[in-house]
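The first residue in the sequence is number 1, and the count goes up from there.
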Amino acid sequence: MALTEPGEPDGGASYRDYGTFGFVRGVLRYFLTDNLRLQAEATYGQGTVGYYSFGVPDYIGADVPVTLTMVRLQADYRPDDSDVSYFAAYEASLNSQEVSGVARSSLAQRVMVGVKLDIGAETLKTRDREGVTWDVPQISGAIAQGNALDYCFIGDCSPNDVPLPP
């Protein structure tokens with residue numbers, strides 16, 4: 001569980017538990033040349049986030065269904081006979097949640113540019129083909145962006161109270 005801001009002015013505490021998620025991911029890479037790579041990636045996930053409030057006198061909370069959708073487009077370029085490559089990427093993630101008919105979502109977009117040091121690979125293509133690419137999906141940011149989607153359950157806070165699911 002992760003401690004968040006107090007949800008009640010009378011001293012009750014609110015917690016968020018990031019639950020369990022399942023993901024499907026697809027990555028497509030295309031090399032225009034041995035040192036110019038284009039990549040498209042899409043990730044889809046479903047899970048739950050638990051919102052809990054421990055106030056006086058009652059405990060209230062709910063497990064909220066969450067859908068995550070992420071897209072990343074990237075281009076990498078490495079000058080010939082160089083150990084340095086450059087990349088530019090666009091990333092977007094959508095975190096959607098719904099409880100008791102109240103839907104909320106958060107869209108995050110990022111543009112990134114950077115430099116990578118390529119040691120031991122002759123080209124970007126050989127680095128990719130020889131298994132040197134350590135490609136881990138970046139899902140933690142998409143899950144955590146749900147922090148902006150706080151729900152207030154009846155008895156917890158007002159004026160945006162949401163009824164608990166039946």
For the residue pair Arg25 and Glu41, establish whether any side-chain heavy-atom pair is separated by less than 4.5 Å.
yes
Out of curiosity, Arg72 CZ to Tyr90 OH, how far, rounded to the nearest 0.5 Å?
12.0 Å
May I ask whether Val27 and Met70 are part of the same hydrophobic cluster, defined by side-chain heavy atoms of I, L, V, M, F, W, Y residues being less than 4.5 angstrom apart, directly or through others?
no
Could you walk me through whether Gln39 and Phe31 pass the side chain to side chain contact (heavy atoms under 4.5 Å, CB included) check?
CA-CA 9 Å; Gln39 178 173 311; Phe31 288 86; over 6 Å; no
How long is the span from the CG atom in Asp76 to the CG atom in Leu36, to the nearest 0.5 Å?
8.5 Å
Between Thr43 and Leu68, is there a side-chain heavy-atom distance shorter than 4.5 Å?
no
Are Ser85 and Leu124 close enough that some pair of their side-chain heavy atoms sits under 4.5 Å apart?
yes
Step by step, would you call Leu32 with Tyr30 a side chain to side chain contact (heavy atoms under 4.5 Å, CB included)?
CA-CA 6 Å; Leu32 295 170; Tyr30 182 76; 3.3 Å; yes
Euclidean distance, Leu94 CG relative to Ser106 OG, rounded to 0.5 Å
8.0 Å
Checking Lys116 against Tyr86: charged group under 6.0 Å from the ring centre and within 45 degrees of the axis?
no
Do you know the tightest heavy-atom contact between Thr48 and Phe21?
O-CE1, 3.7 Å
Do Glu91 and Met112 touch side chain to side chain, with heavy atoms closer than 4.5 Å?
yes
Validation row: Gln74, Phe87 side chains within 4.5 angstrom (heavy atoms)
yes
Residue pair Ser96, Arg104: steps toward the side chain to side chain contact (heavy atoms under 4.5 Å, CB included) verdict
CA-CA 6 Å; Ser96 302; Arg104 298 191 179 159; over 6 Å; no
At what distance, to the nearest 0.5 angstrom, does CZ of Arg127 lie from CD of Glu122?
13.5 Å
Quick check: do Arg110 and Ser93 have side-chain heavy atoms less than 4.5 Å from each other?
yes
Looking at NZ of Lys125 and OG1 of Thr33, how far apart are the two atoms once the value is rounded to the nearest 0.5 Å?
9.0 Å
Any chance you could lay out the side chain to side chain contact (heavy atoms under 4.5 Å, CB included) test for Asp118 and Val84, step after step, and finish with the verdict?
CA-CA 6 Å; Asp118 298 316; Val84 175; over 6 Å; no
Answer yes when Arg78 and Asp34 have at least one side-chain N-carboxylate O distance shorter than 4.0 Å, and no when they do not.
no
